[in-house]
Amino acid sequence: MSSFLTNHGVVVALVCAACAVVYGLLTTRSLLALSPGNEKMQSISLAVQQGARAYLNRQYATIAVVGAVLFVALIFIQNIAVAGGFAIGGLLSGSTGYIGMNVSVRSNARVAEAARSGVTPALRVAFRGGATTGLLVVGLALIGVAGYYGALTSFFGDSPKTAVDALIGLGFGGSLISVFARLGGGIFTKAADVGADLVGKVEAGIPEDDPRNPATIADNVGDNVGDCAGMAADLFETYAVTAVAVILLGVLTFHEATRVALFPLVIGGVAIIASIIGTYAVRTKTDNVERALLQGLLVSGVLAAAAFAPVTYWLMRNLTFKAAPIVGGAVNTPKWWHLYLCSLIGIAVTALLFGLTEYYTSTRFSPVKKTAKASITGHATNIIQGFSSGLQATALPAIVIVVGILGAWKLAGGGVTGIYGIGVAVMGLLSLTGLIVALDAFGPITDNAGGIAEMADLPEDVRKVTDRLDAVGNTTKAVTKGYAIGSAVLAAVVLFAGFQKEIEAKVGHAISFGINEPPVLIGLLLGGLMVCLFASLSIEAVGRAGGAVVEEVRRQFREHPGIMDYTEEPDYATCVDIVTKTAQREMILPSLLPILLTLIVGLIDQQALGGLLIGVIVVGFFFAVMMTAGGGAWDNAKKLIEDGAFGGKGSDAHAASVTGDTVGDPFKDTAGPAINPMIKVANIVAILIIPLIT
């Protein structure tokens, strides 16, 4: 078996990845065979589909221009293999977002129609729509990494290091698409949401998703291009980049280059099979939606943990350390079971991050209840409490990640082999990516289903079912963001270690990054500056676009009073056009920031570049968690009040909570999530520009 895995590990990974793609295709076909409802439901769903497709087409056209420039630059900075990897990573990442969006926008009406029969049928349809996206993300990511690695090693012969260098380009392509998708989609969805809430709910006093609101279709489109396509691209690049980083570290650290290069690929393959099996465990006879979803996650986690043991034994036993001159001194080479325990640490970190994020963002727990209660005394106290909750929410996740890093590092022997252990832990954490993306896509699907039920004037019992699914979807969207942040930070730690080893190999001596060295301190400050400026530009973009939507919705209500009594139709297309154009324009500058600033600092000083990467990782983690958790608390505080707490809809507390939710929207759905790929882009760019700075 060991010989088989060593000789055919790429084939094993590709077969498992192909299973994910086949699952996605078959599930999509079965979903499309379901009834999309009556003519009005289909008309609304079609409008959302057309808006989402038009937006993504324009977004990818914009990215293609930037990508073409970078492709040519990489040929000269690196080589054609790296540039080719960049193109493959970009195309696959873009494909996952596009496919996921298309499945999501076709599932929404089918979920609303299934809700006529109750919670269980609607849950089944909504989750299958999300699972299609989730499995396609990991399937395409593994096909990209394993396929390109296999092709390169076949071409270059027994030279895994040459292949890994080219794979860095693939990771960069995925990361670039992810930043644009997160930013552009986030600006789009939150600008529409802000306009719909401020004018529709507060000023006009009409319900969310009311067909009279001109921003409603734009809001529903945004759910898909932001949450669904954006998260798919985000976790695609995290998965691909982490696999590449672990391969890079393994090849640099151990003599058995082929075995350690194949290890993360085979681990990813067996985890996909565990995820496919886990999707069939999502079922309920008691209409307990939360338990059904967690069942699937638990089954996948247990099966993956069991499968990792034999794979780790066969591929990773009897490793010998590669004692490069720049390392110096003896190290403890990890045993295979030490690395297996590292993978279990990754799964445990996933579970803990899920639980902690849910605590800070769910209506069932104290942080959200305190934010809702603070709304009684006004808008300012709601903002104060929500911001405070976001800051508090950084503490426990930071401790979990610190303990996870320390545990994996110690188990793998400390030093450079310990860093490899952290990489294995991240692969364990990412083993559940398929199910995580499924849970995230579940959110926009159920949200849109509720919107269609409202706009198509379906019976109240249908809306109750979609509302129940939507409430769970809000929580799953929040916890998946926590997962994405944690995985991004751990992946960045591994990438930074790869950067350090690569640059040391180039210059032939050890390089330290001590805070007592002025260049490093300068870099640290610039790294923190990058995060703050990136978040500022992202939030400001939402504010400008949201303001334009507010003015347009006000104009339509003012100039067409018949909208309110249903004698005139609102102009949905104008709002969609406003946020589309604004998002395309506003996403470019912040997306290029981590590329340009990293390049400039690297050209000036190597140690300053290292300090910048450290600053980006640390400051980026705290900003991302604070923004996503705080935004989630504001959002669900509003929903808690809308469900009847503290005065209910129409009360002063409700108006204050809408303001808080409006502030939290760009926090949790634009700037916060976009920081994840930004962190990795900076680290990958640093690796790619090493030929220019050494």
Evaluate the side-chain proximity of [Y] to [X]: yes if any heavy-atom separation is below 4.5 Å, no if none is.
X: T96; Y: L136; answer: no
X: L597; Y: V601; answer: yes
X: F621; Y: V625; answer: yes
X: L353; Y: I485; answer: no
X: L435; Y: F127; answer: yes
X: E586; Y: E540; answer: no
X: L688; Y: Q78; answer: yes
X: L592; Y: V66; answer: yes

(message) Check whether S93 reaches the backbone of G90 with its side chain - one donor and one acceptor, N or O, closer than 3.5 Å.
(response)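 No.
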For residues [X] and [Y], report the shortest heavy-atom separation together with the two atoms involved.
X: L135; Y: S275; answer: CD1-CB, 4.4 Å
X: F180; Y: I588; answer: CE2-CA, 4.2 Å
X: K481; Y: K668; answer: CE-O, 2.9 Å

[atom1]/[X] to [atom2]/[Y] distance, rounded to the nearest 0.5 angstrom?
X: L14; Y: L265; atom1: CG; atom2: CG; result: 8.5 Å
X: L609; Y: N683; atom1: CG; atom2: CG; result: 9.0 Å
X: L92; Y: F236; atom1: CG; atom2: CZ; result: 4.5 Å

(request) Would you check if the distance from the ring center of F71 to the ring center of F86 is below 6.0 Å? (result)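 Centroid distance F71-F86: not below 6.0 Å, so no.
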(request) Run the numbers on S343 and I267 for side-chain contact (heavy atoms from CB on, under 4.5 Å), then give the verdict. (result) CA-CA 9 Å; S343 71; I267 284 286; 5.6 Å; no
(request) Name the orientation class of the two ring planes belonging to F354 and Y483 (parallel below 30°, tilted from 30 to 60°, perpendicular beyond 60°). (result)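 Perpendicular, since the angle between the ring planes exceeds 60°.
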(message) Using the rule given for ring-ring contact (aromatic ring centres under 6.0 Å, His included), can you reason through F263 versus Y420, listing the C-alpha separation, both sets of side-chain angles and the distance that settles it, and then say yes or no?
(response) CA-CA 12 Å; F263 179 57; Y420 183 76; 7.1 Å; no
